[in-house]
2 protein chains.
Amino acid sequence: MSQKEFLNPTVVVDIALFTVEEGELKVLLINRDNEPFKNTRAIPGGYLLKGETTRTAALRVLREKAGIDEVYLEQLYTFDAPGRDPRGPVFSVTYMALVASPLPETKQKEGVQTPELFSVKKIPKLAFDHKEIVSYALARLQGKLEYTTIGFNVLPKFFTFSQLQNVYETILNKTLDKRNFRKKMEQLGFIKETKQVLGGMRQRPAKLYTLGK
Amino acid sequence: MSQKEFLNPTVVVDIALFTVEEGELKVLLINRDNEPFKNTRAIPGGYLLKGETTRTAALRVLREKAGIDEVYLEQLYTFDAPGRDPRGPVFSVTYMALVASPLPETKQKEGVQTPELFSVKKIPKLAFDHKEIVSYALARLQGKLEYTTIGFNVLPKFFTFSQLQNVYETILNKTLDKRNFRKKMEQLGFIKETKQVLGGMRQRPAKLYTLGK
DNA sequence: CCAAAAGTGTTGACTGTACACCCATGT
DNA sequence: ACATGGGTGTACAGTCAACACTTTTGG
């Protein structure tokens, strides 16, 4: 068997980045400015470069394309269907990213389209198999929400109970009972109360919580 | 940015193949007959060849190395840590495979080590990061067992309730109550009764069930 | 008739769900 | 004083867990 028979595919990293904003679960999309799929929306992604792991490549892509530094990243799946990229065999190692809103302002850079957030309920046509990637990421996020602390990655370090509940309601796309939610969270033991409160609103100040027992 | 900067890694496919045999969850290992890690156990794997997807490569590897044709395959994770293969950047796209026991007899082939089943409780030192791959596969299998039909892949098409329970007990590594198990399975609706029974044992014949409502 | 696994219900504990009012603050 | 979200308990229903005996076959 000669070396020639091996397939050394080009590898790209594509990232489904979610955040919760205005009571909606949103995903970050860019507008492609190159063929193929020019002027079609896509999730941010880029080629894997020498010396990178897929994870560091994902972090670089998010920094370059969206100015995002602090982010939760989880590898999802490797998409390798033949023909998924018209240019040839390109493997996409996909990641889910979660960040707290608001995202940093992206200064308009040369040759880089400004990324935009779209509600997952109103996703436009996407390039390549990116629709499938977003669906996969969403299923994973929803699946892990209830038994892990993954949801806390879209919250600031200190948060109120209603902010937390809003995250759960938004990601699961259903309303939850306030008292039952509180009971469940308390018994799961993911969060601890702080001595801080969030005031300045025109209602009773809310206690601030943080992750960790 | 020149084409030279892209990393086009070599890609291998590694498979954690499980079966349930003699009340134990077993994983298929081969003995490596080449460097690196010569004479160390490893999970079956092989290079991705031109024209293959990782899935078809995994199927080919299982056919070539273990004579296995019919198999459940699920992609797990892509391992890309630098240095995971001393020869250079090699990405491993990993799969979990499940088959019913007994496995087909593997005719001893030239240059191919006979694969052997090992209890997951007694896994020897493994090559590369294969220990991590097996752990990951096991966690996935256990996690999906209770809310999917993944466990049925280690059973023949027709099976008795106690065979089914044995699979669950073995994979979860704990004993289950017979009546509660039956109730839960019946209400999950994964299985349907057939008109066949499995006799010939020196005890009361057991009804045979099959997957599907 | 004995050995072996098949098959079958009930009870109490626990967990999840539904539901309504008072509280603390800013304006 | 009022508008706004913050914060709290109870009762019912459904699910889960524990538990032992009878049945059917082969030897």
Side-chain angles (χ1 to χ4, degrees), chain A residues 20-24 101 142-148 151-152 155-156 158-210, chain B residues 20-24 101 142-148 151-152 155-156 158-210:
Chain A
V20 171
E21 188 182 84
E22 294 164 6
E24 296 211 289
S101 125
Q142 289 176 335
K144 290 184 82 164
L145 189 66
E146 288 171 279
Y147 68 98
T148 69
F152 293 88
L155 285 169
F158 299 97
F159 49 84
T160 68
F161 237 110
S162 54
Q163 289 172 330
L164 179 60
Q165 183 171 343
N166 177 249
V167 165
Y168 276 68
E169 290 184 336
T170 303
I171 293 175
L172 298 174
N173 194 28
K174 67 181 179 189
T175 59
L176 300 171
D177 180 85
K178 193 162 46 154
R179 280 166 289 190
N180 295 338
F181 181 76
R182 211 171 254 268
K183 255 182 293 179
K184 193 176 158 191
M185 272 299 150
E186 279 164 355
Q187 84 164 54
L188 281 172
F190 291 158
I191 59 174
K192 67 165 182 257
E193 201 175 318
T194 69
K195 283 155 199 152
Q196 306 303 311
V197 292
L198 178 64
M201 315 287 165
R202 63 170 172 175
Q203 73 262 22
R204 177 173 172 178
K207 284 181 197 153
L208 285 169
Y209 293 81
T210 193
Chain B
V20 171
E21 191 182 83
E22 294 163 5
E24 295 211 288
S101 129
Q142 289 176 334
K144 289 183 85 164
L145 189 67
E146 288 172 279
Y147 67 98
T148 70
F152 293 87
L155 285 169
F158 299 98
F159 50 84
T160 67
F161 237 109
S162 52
Q163 290 172 331
L164 180 60
Q165 183 171 345
N166 179 249
V167 165
Y168 276 68
E169 290 184 336
T170 303
I171 293 175
L172 298 175
N173 193 30
K174 66 180 179 189
T175 59
L176 300 170
D177 180 86
K178 191 160 51 150
R179 281 166 289 193
N180 295 337
F181 182 75
R182 213 170 251 269
K183 258 180 290 179
K184 193 177 159 190
M185 272 299 149
E186 279 162 355
Q187 82 163 54
L188 281 172
F190 291 159
I191 59 175
K192 66 165 184 254
E193 201 174 320
T194 69
K195 282 153 201 151
Q196 306 303 310
V197 293
L198 178 66
M201 315 287 165
R202 63 169 172 175
Q203 73 263 21
R204 176 172 173 176
K207 285 182 194 150
L208 285 169
Y209 293 80
T210 193

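Note: hydrogens, waters and symmetry copies are ignored here, and every other heavy atom, side chains too, is used. Naming convention: chains lettered A, B, ... in sequence-line order (proteins, then strands); numbering from 1 in each chain. This one's a predicted model, so the numbers in the text were calculated from it and none came from an experiment.
Across all their heavy atoms, B:Gly151 and B:Leu145 have their closest contact at CA-CD1, 3.6 Å.
Contact check of residues 175-189 of chain B against DNA chain D (heavy atom, cut-off under 4.0 Å) returns B:Asp177, B:Arg179, B:Asn180, B:Lys183.
Put simply, the side chain of A:Gln196 does not reach to within 4.5 Å of the side chain of A:Leu198, judged on heavy atoms. Using a 4.5 Å heavy-atom threshold, the side chains of B:Thr160 and B:Leu208 count as touching. In this structure the side chain of B:Gln163 never reaches within 4.5 angstrom of the side chain of B:Val20, judged on heavy atoms.
Atom CG of A:Asn166 is separated from atom P of D:dG5 by 12 Å (rounded to the nearest Å). Following rounding to the nearest Å, A:Leu198 (CG) and D:dG7 (C1') show an atom-to-atom distance of 15 Å. The interatomic distance linking B:Glu146 (CD) with D:dC16 (P) rounds to 10 Å, in whole Å. Regarding B:Leu164, its CG atom lies at a distance of 18 Å from the P atom of C:dA5, rounded to whole Å. Rounded to whole Å, the distance from CD on A:Gln163 to C1' on D:dG7 is 16 Å.
For B:Lys174 and D:dA17, the shortest distance from a side-chain N or O to OP1 or OP2 is not below 4.0 Å. A close approach under 4.0 Å does occur between a side-chain nitrogen or oxygen of B:Ser162 and OP1 or OP2 of C:dA6.
Distance alone, capped at 3.5 Å, is enough to place a donor-acceptor pair between the B:Gln142 side chain and the B:Ile171 backbone.
Among the candidates A:Phe190, A:Phe161, A:Phe152, the single residue satisfying the ring pair (Phe, Tyr, Trp, His ring centres under 6.0 Å) test with A:Tyr209 is A:Phe161.
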- Task: Apply the test side-chain contact (heavy atoms from CB on, under 4.5 Å) to residues B:Met185 and B:Gln165: give CA-CA distance (whole Å), side-chain angles for both, the deciding distance (0.1 Å), then the verdict.
- Result: CA-CA 10 Å; B:Met185 272 299 149; B:Gln165 183 171 345; over 6 Å; no
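The distance from the CG atom of A:Leu176 to the OH atom of A:Tyr168 is 10.0 Å, given to the nearest 0.5 Å.
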For nucleotides 25-27 of chain D, tabulate all protein N/O to nucleotide N/O atom pairs closer than 3.5 Å, reporting atom names and distance.
unit_1	atom_1	unit_2	atom_2	d
D:dG26	O4'	B:Met201	O	3.4

